[in-house]
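The figures that follow rest on heavy atoms only: side chains count, while hydrogens, waters and symmetry mates do not.
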Amino acid sequence: MFKLNLKRLGLAAGLSFTLVAAGCGSDDGSDSDNAGSDNGGGETNYSEEVDYTITGIEPGAGVVQAAEDATETYDSLAGWEVETSSSGAMATALGEAIDNEEPIVVTGWTPHWMFAKYDLKYLEDPEGSFGEAEEIKTMVRQGLKDDMPNAYKILDQFNWESSDMEEVMLEISNGTSPEDAAAAWVEDNSDKVAEWTDGTEEVDGTEIELAYVEWDSEVASTNVMKKVLEDQGFKVTITPLDNAVMWQAVANGDADGMVAAWMPATHAAQFEEYGDQVEDLGANLEGAKIGLVVPKYMEGVDSIEDLQPAE
């Protein structure tokens, strides 16, 4: 019965996401000062052009919270607003701005297909509002090792690189279905997949459910893991949920696991609440990052401090 309720909850969460809608300076010292006072780029006031607004993703996401904290930390962001929407809406707004070569400041993260598709840069964060490099971890419900030892071992051995994830993400962003993009990657990377399944046996239709948050990165990783488990004989259900509900589902045993835990900053609040109720299988991807991202053509804006406060 809880499977049906979880799916309904996932559908509601996904619907809510939709309804909410995620330089070069001069060599001359005085010119550099002028560029800073104009907010980067000489005569162009990018801060005013973006209406002192950061385009964010879902409310409650760690990168959104970090951006909101940054508006309190940096004088250059005084009076700025973080406009929340969804990861898809953010990516759409970014693409439209780049098509028109307009300025935009977004909450970004890597791995993400947008870095493979567009020329982007992170703004330097001297105050450390967005933290250091992150890891994406695999979390499973307590007791999974005893109940499904083969699934547990595959999830425990799952490990890949940013370039792997971005390859799947870019295919999806170009119109390939998540299922087909994942299947193609699994077929093309059989050696890596063999490392994940090493020492396991095939099963006959054992049901397993994975939860995930509908970020492009987690859509990619969860669909890849779904395909790998299916090839081992599992009957796999994947359910999109809000951040907090995803953690709650694994903690309560309503979902069997997730490969979508961003640590230590992005999901810090969720880990603090549910961390002692789940089993941490470690990083499946290292070197993830969050921060404020702008197109590279926004010259003179290389740091959060190069922006200007709202007047």
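Residues Asp69 and Tyr74 have side chains that never bring a donor and an acceptor to within less than 3.5 angstrom of each other. Tyr212 and Ser221 are not linked by any side-chain donor-acceptor pair at a separation below 3.5 angstrom, with hydrogens and angles left out of the test. Looking only at atom types and distance, the side chain of Thr84 has no donor-acceptor partner in the side chain of Glu58 under 3.5 Å away. Residues Thr237 and Glu207 bring no donor and acceptor atom of their side chains to less than 3.5 Å of each other. Looking at Asp306 and Ser303, their side chains never bring a donor and an acceptor atom within 3.5 Å of each other. A side-chain donor from one of Glu134 and Thr266 sits under 3.5 Å from a side-chain acceptor of the other.
Taking the six-membered ring for Trp, Trp160 and Phe158 have ring centres closer than 6.0 Å. The ring of Tyr46 has its center no closer than 6.0 angstrom to the ring center of Tyr52.
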Between Lys296 and Tyr118, does a side chain to side chain contact (heavy atoms under 4.5 Å, CB included) hold up when you go through it step by step? CA-CA 9 Å; Lys296 284 186 178 179; Tyr118 306 125; over 6 Å; no

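The salt bridge (charged side-chain N to carboxylate O under 4.0 Å, His left out) with Arg141 is formed by just one residue from the set Asp146, Asp256, Asp280, Asp254; it is Asp256.
Within a 6.0 Å sphere centred on CG of Asp204, other residues, nucleotides and ligands contribute 12 heavy atoms or fewer. A 6.0 Å sphere centred on CD of Glu102 holds more than 12 heavy atoms belonging to other residues, nucleotides or ligands. Within a 6.0 Å radius of CD in Glu81, no more than 12 heavy atoms belonging to other residues, nucleotides or ligands are found. Around atom CD of Gln232, more than 12 heavy atoms belonging to other residues, nucleotides or ligands sit under 6.0 Å away.
Considering CG of Leu144 and CD of Glu279, their distance stands at 8.0 Å, rounded to 0.5 Å.
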